[in-house]
Amino acid sequence: MKCIVCLNNLKEDFRFCPYCGTEIKTPQDSSDNNSSNDESDNKSSGNQTKNNSIDKNAADKSGASENDKNKSDKNKSENNKSQDNKSENNKSEDNKSGNDSDDTEIKLPLFLNIMYESVKDAPLDLKKTIEWYKLAAAQGNADAQVDLGTMYKSGKRVFQDYKKAVGLYQRAAGQGNAIAQFNLGYMFYCGLGVLRDYEIAMDWYMKAAAQGNAEAQNNIGYMYKNGEGVAQDYDKAMEWYEKAAAQGNACSLYNIGDLYENGLGVDQDEKKAEDYYWKSAKNGNEGAKNKIKDLGSE
């Protein structure tokens with residue numbers, strides 16, 4: 001079965017597409033729609049017969065009114081010319097109004113971010129701030145959808161709701177937002193608000209990683225290392241860790257150290273492991289600091 005919107009392959013028991021959120025129509029749904037369409041066709045056929053009768057009567061009257069019509073054509077032409085000039089002026093005003101509206105929507109996310117930063121520590125204003133985020137998300141702003149989804153995921157400033165978080169991430173991810181794609185992959189990996197599915201998680205991580213998202217690249221490496229949703233492959237794990245490490249990702253630096261320490265896909269080398277742990281620790285990874293202590297090098 002395929003989603004009719006994003007064309008991704010789906011499992012038969014899906015009611016909603018996990019990639020774009022589209023509702024999946026079942027054969028029963030299609031049967032109901034066809035039955036409804038048949039009734040509509042029957043009604044249309046009856047109306048057509050009635051319309052034919054009306055058209056015949058109208059044709060008998062058309063000859064009598066032809067002269068009156070010719071007399072009024074000249075007046076209509078003059079009026080239309082005047083109306084066209086007014087319409088052109090109105091069109092110019094409409095374009096100006098449309099541009100103003102577009103500018104408002106473009107500036108809205110920045111306004112919301114400034115507003116949120118200014119009131120995030122002010123409980124009395126928080127409710128209004130959340131409402132603005134909801135409005136921006138409803139207008140299709142991907143950044144607002146991600147931010148609001150993260151609030152629902154963490155339960156900060158709103159009641160925790162994983163399903164709402166997933167829905168918002170799906171809408172933003174469908175617009176190509178890399179952070180939303182990563183977060184959606186994480187939700188499927190952990191089974192938060194959805195059934196746990198490593199394959200779908202990997203799909204979303206891959207989409208985010210293709211846009212250079214270092215967290216997604218690291219998690220892909222982790223899944224290859226542990227054989228989650230894919231065949232275990234230490235070489236590919238190293239490949240993805242290195243992509244993330246090149247961006248200074250602390251977790252991937254730690255994970256490369258782990259591969260060297262345990263000789264997974266590489267020759268065991270505690271010195272190289274230690275070097276990577278140091279790099280990870282410098283980027284704030286607490287686990288790396290503990291590893292350095294365990295190896296006896298401080």
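Every value quoted in this text rests on a predicted model; they were computed, and no experiment measured them.
- For Gln268, there are no side chain to side chain contact (heavy atoms under 4.5 Å, CB included) partners at least two apart in sequence or on another chain.
- In this structure, Arg171 contributes its side chain and Val146 its backbone to no donor-acceptor pair below 3.5 Å.
- Looking at residues two or more places apart in sequence or on another chain, you find a side chain to side chain contact (heavy atoms under 4.5 Å, CB included) between Ala214 and Gln217, Ala244, Gln247, Asn249.
- The shortest distance between side-chain heavy atoms of Asp235 and Glu239 does not fall below 4.5 Å.
- Distance check: Asp143 CG to Asn177 CG gives 6.0 Å after rounding to the nearest 0.5 Å.
- Judged as a ring pair (Phe, Tyr, Trp, His ring centres under 6.0 Å), the pairs with a partner in residues 145-184 (not counting sequence neighbours) are, in order, Phe182-Tyr205.
- Between the side chain of Asn141 and the main chain of Ala136, no donor-acceptor pair closer than 3.5 Å is present.
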**Request:** Just do the side-chain contact (heavy atoms from CB on, under 4.5 Å) check on Ile130 and Lys134 with the steps written out, would you?
**Result:** CA-CA 6 Å; Ile130 298 300; Lys134 288 180 179 179; 3.8 Å; yes

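- With sequence neighbours left out, Tyr222 forms a ring-ring contact (aromatic ring centres under 6.0 Å, His included) with no residue at all.
- Every residue two or more places apart in sequence or in another chain that forms a side chain to side chain contact (heavy atoms under 4.5 Å, CB included) with Lys156 is listed here: Ser154.
- The environment of Ile179 atom CD1 is sparse: at most 12 non-hydrogen atoms of other residues, nucleotides or ligands sit within 6.0 angstrom.
- The distance from the CG atom of Leu259 to the OH atom of Tyr254 is 11.0 Å, given to the nearest 0.5 Å.
- Qualifying side-chain hydrogen bond (donor to acceptor under 3.5 Å, both in side chains) partners for Asp161, counting only residues two or more places apart in sequence or in other chains: none.
- For the residue pair Gln170/Gln145, the side-chain donor-acceptor check at 3.5 Å is not satisfied.
- Ion pairing between a basic and an acidic side chain is recognised when a charged N comes within 4.0 Å of a carboxylate O; Lys271 and Asp275 show such pairing.
- The list of salt bridge (charged side-chain N to carboxylate O under 4.0 Å, His left out) pairs with a residue in residues 244-265, not counting sequence neighbours, reads Lys225-Asp258, Glu261-Lys291.
- Residues meeting the side chain to side chain contact (heavy atoms under 4.5 Å, CB included) test with Ala281, sequence neighbours left out: Ala288, Lys289, Ile292.
- Under the side-chain hydrogen bond (donor to acceptor under 3.5 Å, both in side chains) criterion, Tyr189 pairs with Glu228, not counting sequence neighbours.
- For the pair Leu253 and Ser280, the tightest heavy-atom approach, listed with the atom from each and the gap, is CB-CB, 3.8 Å.
- Between atom OG of residue Ser252 and atom CD of residue Glu242 there is a gap of 9.5 Å, rounded to the nearest 0.5 Å.
- If you take CG on Asp197 and CE on Met202, they are separated by 11.5 Å, rounding to the nearest 0.5 Å.
- Asn285 places a side-chain N or O within donor-acceptor distance of the main-chain N or O of Gly287, the cut-off being under 3.5 Å.
- Rounding to the nearest 0.5 angstrom, the gap separating the OH atom in Tyr276 from the CD1 atom in Ile256 is 5.0 Å.
- To the nearest 0.5 angstrom, Met238 atom CE is 12.0 Å from Asp233 atom CG.
- Considering every non-hydrogen atom in both Asn283 and Ala250, the closest pair reads CB-CB, 3.7 Å.
- Closest approach of Ala142 to Ala172, counting heavy atoms only: O-CB, 3.7 Å.
- Remark: Tyr241 engages no residue in a ring-ring contact (aromatic ring centres under 6.0 Å, His included) (not counting sequence neighbours).
- Considering every non-hydrogen atom in both Ile220 and Met206, the closest pair reads CD1-SD, 3.7 Å.
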**Request:** Go through Tyr133 and Asp147 one step at a time and tell me if the side-chain contact (heavy atoms from CB on, under 4.5 Å) criterion holds.
**Result:** CA-CA 8 Å; Tyr133 266 99; Asp147 289 345; 3.7 Å; yes

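- Nearest heavy atom pair, residue Ala165 against residue Met187, reads CB-CE, 4.1 Å.
- Remark: Tyr186 pairs with no residue by the ring-ring contact (aromatic ring centres under 6.0 Å, His included) rule, at least two apart or across chains.
- What you find for Ala216 and Ala208 is that their closest heavy atoms are CB-CB, 3.7 Å.
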**Request:** Go through the steps to decide whether Asn183 and Val166 satisfy the test side-chain contact (heavy atoms from CB on, under 4.5 Å), and finish with yes or no.
**Result:** CA-CA 9 Å; Asn183 287 338; Val166 169; over 6 Å; no

**Prompt:** Is there a side-chain contact (heavy atoms from CB on, under 4.5 Å) between Gln181 and Asn213 once you walk through the steps?
**Reply:** CA-CA 9 Å; Gln181 291 169 346; Asn213 185 283; over 6 Å; no

